Undergrad: 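First the structure, then my questions, so here it is.
Heavy atoms only: backbone and side chains are in, while hydrogens, waters and symmetry mates are out. Chain identifiers are assigned alphabetically (A, B, ...) following the order of the sequence lines, protein sequences preceding nucleic acid strands; residue numbering begins at 1 within each chain. None of these values were measured; they are calculated from a predicted model.
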Amino acid sequence: MSQSISIEKVKYALHKVVENLEKNRQYLNDLDSPIGDSDHGESVCNAFHKIQEIVDKFPEEKRDIGELLQAVGKSIVLSGGAAMGPLYGTAFMDAGKAVLGKEELTPADLVQMWEAFAGGIKRRGQVELGDKTMYDTIYPSFLALQKAYEEGKSLKEMLREAIEGAQEGMESTKDLVSKRGRSSRLGERSRGHIDPGAASSYFIIEAFFGSLIDN
Amino acid sequence: MSQSISIEKVKYALHKVVENLEKNRQYLNDLDSPIGDSDHGESVCNAFHKIQEIVDKFPEEKRDIGELLQAVGKSIVLSGGAAMGPLYGTAFMDAGKAVLGKEELTPADLVQMWEAFAGGIKRRGQVELGDKTMYDTIYPSFLALQKAYEEGKSLKEMLREAIEGAQEGMESTKDLVSKRGRSSRLGERSRGHIDPGAASSYFIIEAFFGSLIDN
Amino acid sequence: MKVKKFINQPENLIEEMLEGFVIANQNKVKRLETERVLVRKDAPVTGKVGIVTGGGSGHKPAFIGYIGRGLVDAVAVGDIFAAPPVQRVYEAIKAADAGKGVLLCLGNYSGDVMNFGMAQELAQSEGIEVESVIVNDDVASSPKERMDNRRGVAGEVILWKVAGALAEEGADLKKIKEVGERAVFNTRSMGVAHTPCILPTTGKPSFQIGEEEMEIGVGHHGEPGIKRTKMMSADEVTELLTRQVLEDLPFQRGDEVTVLVNGLGSTSLLEMYICFRKVAQILSDYGIKIHRTYMGEFFTSLEMGGFSVTLTKMDEELKRLIDAPCDGIHFVQH
Amino acid sequence: MKVKKFINQPENLIEEMLEGFVIANQNKVKRLETERVLVRKDAPVTGKVGIVTGGGSGHKPAFIGYIGRGLVDAVAVGDIFAAPPVQRVYEAIKAADAGKGVLLCLGNYSGDVMNFGMAQELAQSEGIEVESVIVNDDVASSPKERMDNRRGVAGEVILWKVAGALAEEGADLKKIKEVGERAVFNTRSMGVAHTPCILPTTGKPSFQIGEEEMEIGVGHHGEPGIKRTKMMSADEVTELLTRQVLEDLPFQRGDEVTVLVNGLGSTSLLEMYICFRKVAQILSDYGIKIHRTYMGEFFTSLEMGGFSVTLTKMDEELKRLIDAPCDGIHFVQH
Ligand SMILES: Nc1ncnc2c1ncn2[C@@H]1O[C@H](COP(=O)(O)OP(=O)(O)O)[C@@H](O)[C@H]1O
Ligand SMILES: Nc1ncnc2c1ncn2[C@@H]1O[C@H](COP(=O)(O)OP(=O)(O)O)[C@@H](O)[C@H]1O
Ligand SMILES: [Mg+2]
Ligand SMILES: [Mg+2]
Ligand SMILES: [Mg+2]
Ligand SMILES: [Mg+2]
């Protein structure tokens with residue numbers, strides 16, 4: 001496996017993200033029922049569906065991965081809606097900004113990009129770790145990615161550990177009491193359920209990083 | 001058993017009518033569900049409930065059975081409501097009119113009274129035999145009463161045969177297609193169900209004539 | 001199935017509802033002391049024919065929600081799905097009469113026809129001028145040859161609107177009856193339901209129906225209609241209702257109609273707008289113009305799931321009356 | 001449980017609904033060509049601050065039913081229960097702005113807050129004056145100490161009414177924001193539900209609940225409230241809601257309030273009047289006077305079974321604005 005990531009790989013990874021969300025659409029709706037409003041799968045899938053076109057129409061000759069991610073983020077912000085729209089949209093926009101001008105991503109770039117992605121969620125959502133949101137999936141995945149990088153692991157290992165970090169993060173939300181978003185009004189009653197946003201973030205990371213591993 | 005009927009017996013019989021309807025309240029609602037609006041038991045019971053007071057408050061010294069029946073009929077007409085209110089109310093008023101001034105009812109009076117009762121239904125409801133209504137219970141019961149009388153049977157036998165006539169009449173409605181009232185819009189779909197009004201009429205007759213037998 | 005309803009003792013429910021209703025709408029309505037009759041606050045209105053209606057309870061906003069300027073003056077309130085008794089209708093007539101007479105508006109049900117009819121006779125015998133118009137708009141309830149046997153359903157709203165507006169203009173009883181009858185003659189409806197209501201008095205559903213079924217042509221007390229079918233799409237069922245309604249009255253290319261899409265209780269306005277869209281498409285195909293559209297719950301059957309489509313063929317006079325402002329309790333128009 | 005709804009393809013349902021809505025109400029409303037935004041026919045109205053609102057679909061008559069004179073100018077229409085995206089809100093702002101600025105009215109949901117907030121920034125960056133008022137009236141959704149975390153529910157209707165009336169009077173943006181915020185601060189609500197709605201997009205119920213249970217303090221997307229209990233009588237549940245609402249705001253003897261009893265979808269008006277009767281009794285016990293009562297379906301959750309009680313403490317200015325006439329599509333007042 002190559003130690004850098006091309007724009008083609010990113011495009012492919014984005015398609016895989018859409019696929020994976022679509023596969024889990026109803027599961028995400030179901031997670032959003034006991035502590036939310038039962039629409040998370042719908043909202044995420046509808047918003048991400050549109051990015052396929054952005055990706056497909058992104059001119060062949062343009063090679064800037066940052067620009068691509070910004071275009072994706074802008075689409076999600078402007079036409080995504082729901083809570084996840086501004087959150088994922090901002091995350092992609094910030095991620096794009098962090099790697100603007102890059103035509104290949106090195107492991108270091110990837111770490112930087114993902115830090116910005118997590119930062120976008122934090123900034124837009126005014127959220128902390130442990131608030132029982134998507135941030136609880138995304139930030140741990142960044143930490144794992146960074147740690148693996150600092151330990152000098154291979155890109156493949158980095159990606160694998162980021163996915164594991166995301167999964168642990170997602171699962172951690174089950175025992176948390178929500179502090180942000182719709183479920184934050186439930187107090188103790190929010191405990192015992194995985195946060196739907198944490199789950200969709202996991203599916204995004206699983207597909208995005210996973211496809212980079214296989215690729 | 002005496003061959004004439006006193007006002008006390010009529011009063012007692014009216015109480016028995018209320019009791020019998022009350023006992024069959026839900027059954028009458030249920031009959032009114034497939035071919036009507038599910039309220040016949042409610043309407044009949046509420047209206048007849050009020051006649052208990054009329055009967056109880058009817059002055060001891062007044063002995064006129066016709067007057068009593070008219071008072072009962074007037075109450076049902078004025079405050080009964082639904083389809084059954086004007087129908088049963090008119091029937092009782094007409095029945096009262098037919099025996100106005102009588103302090104005892106002979107078998108002949110009874111026949112006349114019941115003919116008027118049936119006539120009241122027919123007049124108010126513009127109804128014919130076979131239209132699948134309460135008239136299909138009431139008119140046959142009159143015919144049976146009259147026949148038994150003409151054959152010189154005892155009062156007891158007359159009453160018994162009137163009840164049997166009523167029962168047969170009620171059951172006959174099951175196979176009929178409705179021509180009157182709410183169920184008349186169902187055409188063939190009204191077939192196969194006993195008419196709720198035919199059933200309430202049977203319970204009235206069963207209790208009224210039945211209590212005169214036992215008494 | 002357990003009954004989930006916000007009620008107290010079932011035997012008190014109409015009285016409690018009316019108590020709430022009178023408090024909530026005390027600027028527009030008052031209750032007679034003697035009888036369960038609600039009347040417009042300023043009734044009898046001098047110089048105006050009184051408009052009286054009524055019927056069984058459970059159809060809110062009908063009947064009492066239509067009390068108000070440009071609409072109804074007095075309502076005789078029956079028990080759940082039961083016509084009001086004679087005395088009550090009679091008191092409503094008296095309360096609405098300002099000396100110019102009273103028009104009774106009622107649905108074509110033998111209970112209503114008999115009770116209103118006897119009350120009318122009683123009032124007439126005391127010198128009050130009383131006429132009546134009987135609504136029979138439900139095309140599903142009898143073939144055209146037996147039109148006078150048809151049920152009255154949501155079309156009654158059109159009668160109240162038209163007769164109420166005309167009465168407010170100061171027209172006389174004869175004229176109002178004539179125009180009211182024309183409005184009824186020009187009105188056709190048909191409904192569908194997939195879920196019964198539960199009668200609060202008995203805790204029982206108004207009808208039985210399968211998990212995937214609906215009843216085409218249902219009455220608004222849950223009376224069976226024409227047939228039981230599988231659930232259809234919004235477009236299919238709307239097409240079925242609309243065509244049946246259209247074909248019943250000789251509607252012609254160039255005609256103008258008022259459309260009323262009436263929710264029977266639990267069907268959402270969202271669904272009804274989807275269905276209305278199809279009504280509009282069909283009318284446009286027929287070359288029929290929509291004069292005015294009413295969308296919402298106008299004549300319900302408690303929480304029954306379903307809706308009905310009503311079309312009224314307009315003429316210049318009916319247009320003026322439909323468009324007139326009114327200030328009913330649950331029916332307001334500028 | 002099979003889904004019994006009158007819809008066609010679930011993915012088309014909002015578009016089809018809007019198509020019907022625009023045809024039915026074409027005298028009052030138009031749709032932007034570029035975005036799923038509905039605006040008052042004559043918007044932008046010269047000399048008037050624009051009132052913009054929006055949110056997820058499924059709450060009919062909210063939001064689009066409140067478009068009209070004395071109410072709302074533009075609505076950004078989201079998917080079922082999903083906040084509208086930034087671009088859409090931004091287009092709504094532009095469509096409503098007549099140069100006097102725009103007030104955004106929204107419920108306190110992170111989706112709405114973020115999308116409206118970003119749209120506001122976008123519009124401001126282009127020189128449009130934009131302010132916002134966020135509704136947080138649901139007392140069941142957070143303790144008083146964390147009031148700014150509470151959900152917005154039916155109280156938003158009060159904001160539209162008040163802000164809309166003030167805008168129609170020609171007030172400036174600052175003033176409307178100030179009075180709007182006071183109206184919100186004076187408004188408290190709480191709801192109850194016993195039956196979920198079925199999301200037409202997924203065919204799934206919005207929540208699970210037992211055959212004899214109800215959810216106290218439910219949100220109008222089916223969000224859990226305070227507790228799950230056995231069904232209670234109308235009086236018991238109304239007392240519970242009303243006292244909790246009353247105790248949250250320092251209502252005092254002699255205060256005047258506007259009462260809004262809102263049906264969440266399938267609960268009948270008959271039941272709601274029974275419940276209102278109890279609200280009125282409690283208010284009377286507290287020595288609180290009712291200024292005006294709104295009864296009906298103002299902000300639903302599709303066909304959810306349940307209702308909510310909203311109280312707004314009045315002052316002279318709020319009374320004038322609440323009483324002002326308005327001519328919304330589904331909210332008309334003389
Ligand atoms: N302020 C916030 N910060 C971070 N994440 C949030 C915030 N608010 C909501 N979320 C996330 O959004 C998810 C819900 O998304 P979605 O269903 O699209 O929104 P809505 O609650 O408006 O229906 C939650 O599960 C949570 O992970
Ligand atoms: N025109 C009529 N003549 C005779 N009986 C009638 C007529 N109309 C209705 N009925 C009787 O009334 C019964 C229904 O009574 P009820 O339930 O009180 O009235 P509603 O149909 O108004 O609910 C029917 O079953 C039928 O027996
Ligand atoms: Mg959600
Ligand atoms: Mg009946
Ligand atoms: Mg009835
Ligand atoms: Mg949502």
Undergrad: Give, as side chain, backbone, both or neither, the part of D/Glu91 having an atom under 4.5 angstrom from any heavy atom of chain A.
TA: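 Neither part, no heavy atoms under 4.5 Å.
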Undergrad: Looking at D/Gln208, I want to see if its CD is surrounded by more than 12 non-hydrogen atoms of other residues, nucleotides or ligands under 6.0 Å.
TA: no
Undergrad: Using a 4.5 Å heavy-atom cutoff, which residues in residues 74-101 of chain A come close to chain D?
TA: A/Val77, A/Leu78, A/Ser79, A/Gly80, A/Gly81, A/Ala82, A/Ala83, A/Pro86, A/Leu87, A/Thr90
Undergrad: Out of D/Ser206, D/Gly217, D/Ser142, which one racks up the most heavy-atom pairs below 4.5 Å with chain A?
TA: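 Looking at each option in turn, the highest pair count goes to D/Ser206.
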Undergrad: Find the one option among D/Gly117, D/Gly222, D/Ser110 whose heavy-atom pairs under 4.5 Å with chain A are most numerous.
TA: D/Ser110
Undergrad: Of the backbone (N, CA, C, O) and the side chain (C-beta and beyond), which part of D/Pro224 lies under 4.5 Å from a heavy atom of chain A, both, or neither?
TA: both
Undergrad: Can you tell which of D/Ala82, D/Ala119, D/Gly111, D/Pro85 has the highest number of heavy-atom pairs within less than 4.5 Å of chain A?
TA: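 Most heavy-atom pairs under 4.5 Å with chain A: D/Pro85.
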Undergrad: Is it true that atom OH of D/Tyr66 has more than 12 heavy atoms of other residues, nucleotides or ligands lying nearer than 6.0 Å?
TA: yes
Undergrad: Can you tell which part of D/Ile80 gets under 4.5 Å to a heavy atom of chain A, answering side chain, backbone, both or neither?
TA: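 D/Ile80 touches chain A through backbone heavy atoms alone.
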Undergrad: Please list, in residue-number order, every residue in residues 26-41 of chain A that has a heavy atom less than 4.5 Å from any heavy atom of chain D; write 'none' if there are none.
TA: A/Gln26, A/Asn29, A/Asp30, A/Ser33, A/Pro34, A/Gly36, A/Asp37, A/Ser38, A/Asp39
Undergrad: With a strict 4.5 Å heavy-atom criterion, list every residue of residues 181-191 of chain A that contacts chain D, or say none.
TA: A/Gly181, A/Arg182, A/Ser184, A/Arg185, A/Leu186, A/Arg189
Undergrad: For D/Lys227, does the NZ atom have more than 12 heavy-atom neighbours from other residues, nucleotides or ligands under 6.0 Å away?
TA: no
Undergrad: Please list every donor-acceptor pair under 3.5 Å in which a side-chain atom of residues 142-149 of chain A meets a protein atom from a residue at least two apart or in another chain.
TA:
| residue | atom | partner | partner atom | Å |
| --- | --- | --- | --- | --- |
| A/Lys147 | NZ | A/Glu151 | OE2 | 3.4 |

Undergrad: Which of the residues D/Ala76, D/Pro84, D/Ser141 is involved in the greatest number of heavy-atom pairs with chain A at under 4.5 angstrom?
TA: D/Ser141
Undergrad: Tell me which of these, D/Ile226, D/Asp138, D/Val86, has more heavy-atom pairs under 4.5 Å with chain A than the rest.
TA: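 Most pairs with chain A among the choices: D/Val86.
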Undergrad: Please classify the contact of D/Asn108 with chain A as side chain, backbone, both or neither, using a heavy-atom distance under 4.5 Å.
TA: both
Undergrad: At a 4.5 Å cut-off on heavy atoms, which part of D/Arg151 comes close to chain A: side chain, backbone, both, or neither?
TA: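 When you check distances to chain A, atoms from both the backbone and side chain of D/Arg151 fall under 4.5 Å.
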Undergrad: Would you mind checking which part of D/Asn115 comes under 4.5 Å of any heavy atom in chain A, side chain (CB onward), backbone (N, CA, C, O), both or neither?
TA: both
Undergrad: What part of D/Met118 gets within 4.5 angstrom of chain A, counting heavy atoms only: side chain, backbone, both, or neither?
TA: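 Contact with chain A: side chain only.
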